[in-house]
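Working notes, structure below.
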Amino acid sequence: MKIAILLFLVATSAFAAEEKTFTPPAERDIPKNEFGDAVRLGKSIFTDTQHFAKKYVGNGLNCSNCHLDSGRMADSAPLWGAYVRYPAYRAKTKQVNTFEERLQGCFEYSMNGTAPKSGTPELTALVSYAYWMSTGAPVNTKLKGAGFPKLNKPELAPDYARGQKVFTANCQICHGSNGEGIKVAGKFAFPPLWGKESFNWGAGLHRIDTAAGFIKGNMPLAKGGTLTDQESWDVATFVMSHDRPADPRAKTGIAAAKKDFHEENCKYGETVEGHVLGE
Ligand code: HEC
Ligand code: HEC
């Protein structure tokens with residue numbers, strides 16, 4: 001009997017621990033010293049990459065366009081969920097990467113730019129911001145809310161035409177009828193989903209499964225969780241059936257890069273509406 005009660009307590013407390021999302025420190029608690037200055041600069045770079053890390057950026061995006069609420073939001077690959085899990089082995093690079101290397105990858109692919117070298121003020125500031133965000137978090141563990149949600153395989157094969165309908169009804173108003181985003185006073189108020197100002201074919205978000213999870217969790221903005229899984233897969237397929245900047249890894253052509261780096265359901269290298277994606 002005693003053992004049963006004990007087991008019950010252990011089980012419920014483990015469950016409670018798993019259910020709680022980590023809360024990063026409040027912005028007003030950034031220390032007022034040299035370290036705090038680096039943290040604040042990191043936050044500025046993260047939310048206005050266009051301005052604060054301009055020379056490393058080759059598109060119209062900011063880090064926080066995909067890592068929402070300045071990298072705080074659960075299920076939007078928050079910085080506090082990331083920092084404590086590096087160094088880590090990554091299938092993409094087939095090696096153990098440091099946190100700095102992970103950030104450099106985002107510049108090359110998600111920002112379609114060039115990676116700031118280790119030790120540059122920009123990279124150091126971003127690391128400081130992420131380190132501060134994870135103050136008090138347990139290390140070497142996947143916190144609840146870390147990464148983007150993973151969706152189960154859809155019931156029906158994801159479909160371009162159904163996705164187009166979802167896009168017209170739920171996304172176009174903010175992201176534009178051609179996915180080009182909307183600029184106000186020369187700056188994107190609503191970021192582009194495809195085209196030359198968007199992330200490139202090497203970015204994590206171009207993967208349809210990753211995009212479906214991001215969309216399900218976060219889009220339409222402030223209405224995350226309202227689309228069905230099927231709608232999320234369909235609209236992700238539609239978005240990723242449009243062209244975007246070249247895959248920097250495609251040194252010997254699209255066919256080779258498709259084989260080496262892309263999933264079988266990825267539209268890269270396929271002909272959609274008369275155009276070969278990736279060209
Ligand atoms: C176009 C969307 C997009 C933009 C812009 C973007 N990222 Fe990411 N980021 C992603 C995706 C997708 C992942 C991969 C998540 C996964 O592996 O499932 C990721 C992963 C990360 C990770 C690791 C997260 C983890 O939990 O392991 C960090 C850290 C990160 N990004 C930082 C940045 C920084 C810094 C910038 C700006 C310089 C940036 N990202 C810009 C989409 C983006
Ligand atoms: C109410 C306006 C609004 C609607 C509707 C909306 N989005 Fe977004 N979306 C945004 C904003 C704003 C961001 C950037 C978030 C930030 O910077 O905080 C964003 C970011 C994104 C991103 C990551 C950044 C990028 O440019 O790739 C994707 C992908 C995305 N939205 C897809 C969608 C899809 C698909 C739909 C429809 C299901 C949708 N959005 C509906 C406003 C919206």
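Atoms within a ligand are numbered from 1 in the order they appear, just like the ligands themselves.
Contacts between Tyr83 and ligand 1, counted as non-hydrogen atom pairs separated by less than 4.0 Å, are absent for every part of the residue.
Residues Tyr109 and Trp201 fail the side-chain proximity criterion, which asks for heavy atoms closer than 4.5 Å. Taking the side chain as every heavy atom from C-beta outward, Ser198 and Arg244 approach each other to under 4.5 Å. You'll find the side chain of Val166 stays beyond 4.5 Å of the side chain of Phe238, heavy atoms only.
The distance from ligand 1 to the heavy atoms of Cys106 drops below 4.0 Å at these ligand atoms: 7 (N), 8 (Fe), 9 (N), 21 (C), 30 (C), 31 (N), 32 (C), 33 (C), 34 (C), 36 (C), 39 (C), 40 (N). Within ligand 1, counting atoms from 1 as listed, the ones closer than 4.0 Å to a heavy atom of Phe46 are 34 (C), 35 (C). Heavy-atom contacts of Met111 reach the following atoms of ligand 1: 5 (C), 37 (C), 38 (C), 41 (C) (cutoff under 4.0 Å). Annotation for ligand 1: atoms under 4.0 Å from non-hydrogen atoms of Arg85 are 25 (C), 26 (O), 27 (O). Using a 4.0 Å cut-off to heavy atoms of Leu103, the atoms of ligand 1 that qualify are 29 (C), 32 (C), 35 (C). Residue-ligand proximity, Phe99 to ligand 1, at heavy-atom distances under 4.0 Å covers atoms 29 (C).
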Where do Phe199 and His206 land on the ring pair (Phe, Tyr, Trp, His ring centres under 6.0 Å) test, with the steps shown first?
CA-CA 8 Å; Phe199 52 91; His206 100 276; 7.9 Å; no

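Defined by atom type and a distance below 3.5 Å, a donor-acceptor pair is missing between the side-chain atoms of Asn112 and Asn59. Gln172 and Ser177 form no side-chain donor-acceptor contact under 3.5 Å, judged by distance and modelled atom types alone.
Using a 4.0 Å cut-off between charged nitrogen and carboxylate oxygen, Asp229 and Lys216 count as a salt-bridge pair. Between Lys251 and Asp260 there is no salt bridge, since no side-chain nitrogen of the basic residue lies less than 4.0 Å from a carboxylate oxygen of the acidic one.
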Report every pair formed by an N or O atom of ligand 2 and a protein N or O atom separated by less than 3.5 Å, giving atom names and the distance to 0.1 Å.
from     : atom 1 : to     : atom 2 : distance (Å)
ligand 2 : 7 (N)  : His175 : NE2    : 2.8
ligand 2 : 9 (N)  : His175 : NE2    : 2.9
ligand 2 : 17 (O) : Ser64  : O      : 3.4
ligand 2 : 17 (O) : Asn65  : ND2    : 2.9
ligand 2 : 26 (O) : Pro192 : O      : 2.6
ligand 2 : 31 (N) : His175 : NE2    : 2.9
ligand 2 : 40 (N) : His175 : NE2    : 2.8

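Remark: distances from the non-hydrogen atoms of Tyr86 to ligand 1 include one below 4.0 Å.
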